2 protein chains.
Amino acid sequence: MSRPFLSPFHAKPSPITDDGDEFTFCSSCAFAGACRAEGYDKSALEELHCLVEHVGPYHAGTPLFREGDPFNAIAAVRSGTVKTFRIDASGREQVLGFFLLGEVIGLDAIHNGRFPCNAVALDTVSLCRFSFPMMATLATRMPGLQAQLFRLLSQDINKAAAMAGDFSADERMAAFVLSIARRFAYRGFSPTRFVLSMSRTDIGNYLRLAAETVSRVVRRFQDEGLLRVDRREFEILDLRRLQQLALPVLRE
Amino acid sequence: MSRPFLSPFHAKPSPITDDGDEFTFCSSCAFAGACRAEGYDKSALEELHCLVEHVGPYHAGTPLFREGDPFNAIAAVRSGTVKTFRIDASGREQVLGFFLLGEVIGLDAIHNGRFPCNAVALDTVSLCRFSFPMMATLATRMPGLQAQLFRLLSQDINKAAAMAGDFSADERMAAFVLSIARRFAYRGFSPTRFVLSMSRTDIGNYLRLAAETVSRVVRRFQDEGLLRVDRREFEILDLRRLQQLALPVLRE
DNA sequence: TCGCCGCTTTGATCCAGATCATCTGAGCGG
DNA sequence: CCGCTCAGATGATCTGGATCAAAGCGGCGA
């Protein structure tokens, strides 16, 4: 069953209520900063509320959109993990990104009004869906929101550029583990322990490494005391050395 | 002599005149579309004029900005070619992009207010410099300009993501030649003949290939009748096959 | 005109990581 | 409790492109 998932007809209307977590959804999404920048102006916040729709939950494996789908909304991850990817002519999957809690999907689709990639839920996923045309209009009256959108877009350029460097398997893997850890930490989870929702194959396709190489590097990192790994549960044991390894990729 | 080159004190004030090419600079830059979208509203165009400064010419080799420089302006190339790059810890240069006539530099710096890379002029370069804060403010009153900025940012995400795939040397090289040809063609130059202003080493650093590999692939492309190459002058002989090769990278 | 210098080409060798082929082991349905 | 399935691990081999090492070959200054 294939349907456009970021399109309106999957959305439940989002009540504008001031109490309960309907009002705090925003604290977990990337536009919280923008709201704050506007000094929590009540009417602006209400307008932002008007154009958001909570969609999901989608279970693992559900496609959220497909390459070529018309673009009309971006989405922030409210829970779960999303993978975006392309399938090349020879059937290989190129993973473009993993999106964790609070991260924004779809900014690469603005360019020509169609999604340039596919997205699937890796586990149970809920989203905040924002009509992009409405958001752009609102950004016209909320400079903070406009600035936040510019920043998010610019950030994605940098993320993509970082993946484009020619780095060794070790450097890529170290950067990947650190990046996940930091992003979880930023949302209030443990900075050293996390459970991945993607397979070794997904990680390989993201890092441009064979799954076997991912497996071997992870083993070596364990042998060298950098990580403790049990299936998809990772624990960082030697942050310093991991940062050292990842330095060429992450650059700070 | 190292100075911040996208900073105001290098700029000559740009007279707001309606005649001559002072007024037509915009037709060659990426914001022409935005102007047009606003229906050439006179006062808006004048405002855009107010915040633009023509800077340069800079001669080949001149640094335009450096990694870590504070960001306050984006720039459109008015003439010449700009290379952006990073130097990694081991001294290797990673070229992030080449910017031709009309293309916009600096969008990756919005994210955290500093340039994440260096830029140099590859030949004689002139720029249109736009104060970004002023442009963002103006975009608030010119929805077409805002939309154009969103599109440009989104486009850069896609460009960077395309480079991040794992492609063969042939695919990368074919995509590079085609991309340059298209961009020149878009600005009204020959779609099949052009002169590059970057060295084989630069191309290699951009494509993540050794300069020797670039040289070998170019030779083979010539032997196979895809290209005619003389030093830095390229002519496309077999567009079809080149497109075929580049397909996995360019995807259309 | 000569000779130097930096870019480019070409050839020989090497190696990180891909690929191919098994093997292990957890989860799960019956 | 058994056997199936599929993710992951491990070993053996292969290879595309890097690296190392020499030439060519303009262009330019003296």
Side-chain angles (χ1 to χ4, degrees), chain A residues 60-61 81 83 88 90-95 120 122-123 163-177 195-224 227-234 245 248-249, chain B residues 59-61 83 88 90-95 120 122-123 163-177 195-224 227-234 245 248-249:
Chain A
T81 311
K83 169 181 84 169
D88 75 17
S90 50
R92 293 179 190 289
E93 181 174 309
Q94 304 247 325
V95 173
V120 300
L122 288 183
D123 44 25
M163 288 305 304
D166 64 336
F167 304 111
S168 71
D170 285 20
E171 289 166 344
R172 283 174 187 275
M173 193 65 214
F176 173 73
V177 171
V195 177
L196 295 178
S197 40
M198 66 291 282
S199 69
R200 299 288 191 268
T201 301
D202 284 339
I203 298 172
N205 288 342
Y206 177 61
L207 299 179
R208 281 64 171 139
L209 299 173
E212 292 93 326
T213 303
V214 172
S215 196
R216 280 184 254 262
V217 172
V218 168
R219 154 131 318 280
R220 194 152 33 73
F221 280 4
Q222 285 188 85
D223 294 347
E224 293 170 356
L227 294 178
R228 195 190 56 72
V229 179
D230 176 36
R231 283 189 73 55
R232 293 183 180 185
E233 192 187 319
F234 281 60
L245 270 173
V249 187
Chain B
H59 65 270
K83 170 180 84 168
D88 75 16
S90 49
R92 293 180 190 289
E93 179 175 309
Q94 305 247 325
V95 173
V120 300
L122 288 183
D123 43 25
M163 287 305 304
D166 63 336
F167 303 112
S168 70
D170 285 20
E171 290 166 343
R172 283 173 187 274
M173 194 64 215
F176 173 72
V177 171
V195 177
L196 295 178
S197 41
M198 66 290 284
S199 69
R200 299 288 190 266
T201 302
D202 285 338
I203 298 172
N205 289 342
Y206 177 61
L207 299 178
R208 282 64 173 139
L209 300 172
E212 293 93 327
T213 302
V214 172
S215 192
R216 280 184 253 263
V217 172
V218 168
R219 155 132 316 281
R220 193 152 33 72
F221 280 5
Q222 284 188 88
D223 293 346
E224 293 169 356
L227 294 178
R228 194 191 58 71
V229 180
D230 176 37
R231 282 190 75 56
R232 293 184 180 183
E233 191 186 322
F234 281 60
L245 269 172
V249 188

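Quantities reported herein were computed from a predicted structural model and do not represent experimental measurements. Chain naming here is simple, since letters A, B, ... match the order of the sequence lines and numbering starts at 1 in each.
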B/S/- along nucleotides 14-20 of chain C (protein heavy atoms under 4.0 Å) is ---SSBB

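- Among the nucleotides dT10(C), dA9(D), dT8(C), the one closest to any side-chain atom of Ser215(A) is dA9(D).
- Checking the phosphate oxygens (OP1, OP2) of dG26(D), no side-chain nitrogen or oxygen of Arg231(B) falls inside 4.0 Å.
- Within 4.0 Å (heavy atoms only), Arg232(B) reaches sugar-phosphate atoms of the nucleic acid but no base atom.
- The nearest whole Å value for the distance from the CZ atom in Arg220(A) to the P atom in dG11(D) is 14 Å.
- Put simply, CZ on Arg219(A) is 9 Å from P on dG11(D), counting in whole angstrom units.
- Asn205(A) places its CG atom 14 Å from the C1' atom of dA7(D), with the value rounded to the nearest Å.
- Inter-residue side-chain proximity for Tyr206(B) and Asp202(B) is flagged as unmet; no heavy-atom pair is nearer than 4.5 Å.
- Counting heavy atoms from C-beta outward, Phe176(B) and Leu209(B) have side chains that stay 4.5 Å or more apart.
- Considering Leu245(A), Val229(A), Val177(A) in turn, Leu245(A) is the only one that fulfils the side chain to side chain contact (heavy atoms under 4.5 Å, CB included) rule with Phe221(A).
- When side chains are defined from C-beta on, Arg232(A) counts as touching Ser199(A), because their heavy atoms get closer than 4.5 Å.
- Salt-bridge formation is detected for the pair Arg220(A)/Asp170(A): a Lys NZ or Arg NE/NH1/NH2 atom is positioned less than 4.0 Å from an Asp or Glu carboxylate oxygen.
- Atom CE in Met173(B) sits about 17 Å away from atom C1' in dG16(D), given to the nearest Å.
- Regarding Asp230(B), its CG atom lies at a distance of 12 Å from the P atom of dT8(C), rounded to whole Å.
- What separates CZ of Arg172(B) from P of dG16(D) is a distance of 16 Å, to the nearest Å.
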Could you go through the salt bridge (Lys or Arg N to Asp or Glu O under 4.0 Å) check for Glu212(B) and Arg200(B) one step at a time?
-> CA-CA 8 Å; Glu212(B) 293 93 327; Arg200(B) 299 288 190 266; over 6 Å; no

